[in-house]
Amino acid sequence: MTDLELLNLAVNAMENAYSPYSEFKVGAALLCENGDVYCGANIENSSYSATICAERVALFKAVSDRQTSFKSMAVVGCYPVKTQDFCYPCGVCLQTLREFCAPDFKIITANSLGDIKEFTLKELLPYGFSLGR
Ligand code: THU
């Protein structure tokens with residue numbers, strides 16, 4: 001699975017977003033070490049706080065299938081109008097990824113013009129919380 005293929009899966013997943021409040025669609029595709037891929041889209045709620053991000057939908061689907069090793073995740077997001085903005089995982093999603101993924105876990109993002117950026121989890125969350133046990 002190439003980064004580009006993973007990004008394309010995230011773009012497809014984005015179409016499944018339930019985002020009537022923000023109208024901002026996000027798609028995520030998570031590649032497991034064993035080659036399996038789990039996709040997710042953001043699911044909003046009229047209470048707003050019950051909204052869940054695409055990244056955590058993908059991760060929770062994988063973890064609830066007993067997946068334990070993860071390689072990379074592609075994330076894309078946009079409003080109906082295309083922009084050059086990139087969609088980065090929010091702080092809650094980064095902390096959630098930190099629970100299950102190594103510091104060199106790769107996060108790939110693209111804007112709607114097709115530009116691509118790559119980071120490690122450690123780069124986006126240098127000081128994540130840990131109980132230190
Ligand atoms: N959202 C995600 O799905 N992932 C993120 O990392 C940040 C934000 C969603 C939540 C909400 O449905 C919409 O984007 C606007 O905040």
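Counting convention: from 1, in listed order, for ligands and their atoms alike.
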N/O donor-acceptor pair under 3.5 Å between N42 side chain and S19 backbone: no
Side-chain atoms of residues 117-125: list all donor-acceptor pairs with protein atoms under 3.5 Å, sequence neighbours left out, distances to 0.1 Å.
residue: K117; atom: NZ; partner: Y88; partner atom: OH; Å: 2.9
residue: T120; atom: OG1; partner: E123; partner atom: N; Å: 3.1
residue: K122; atom: NZ; partner: P126; partner atom: O; Å: 3.2
residue: E123; atom: OE1; partner: T120; partner atom: N; Å: 2.7

Which atom pairs, nitrogen or oxygen on both sides, join ligand 1 and the protein at under 3.5 angstrom?
residue: ligand 1; atom: 3 (O); partner: A54; partner atom: N; Å: 3.0
residue: ligand 1; atom: 4 (N); partner: E55; partner atom: OE1; Å: 2.8
residue: ligand 1; atom: 4 (N); partner: E55; partner atom: OE2; Å: 3.4
residue: ligand 1; atom: 6 (O); partner: E55; partner atom: OE1; Å: 3.4
residue: ligand 1; atom: 6 (O); partner: E55; partner atom: OE2; Å: 2.7
residue: ligand 1; atom: 6 (O); partner: C90; partner atom: N; Å: 2.9
residue: ligand 1; atom: 12 (O); partner: N42; partner atom: ND2; Å: 2.9
residue: ligand 1; atom: 12 (O); partner: E44; partner atom: OE2; Å: 2.5

Those residues that, when tested against V57, pass side-chain contact (heavy atoms from CB on, under 4.5 Å) (two or more places apart): I43, I52, K61
Co-members of Y127 in a cluster of I, L, V, M, F, W and Y side chains, linked at under 4.5 Å: none
S72 side chain reached by L6 side chain, heavy atoms, under 4.5 Å: yes
Heavy-atom check, side chain of M14 versus side chain of C78, under 4.5 Å: yes
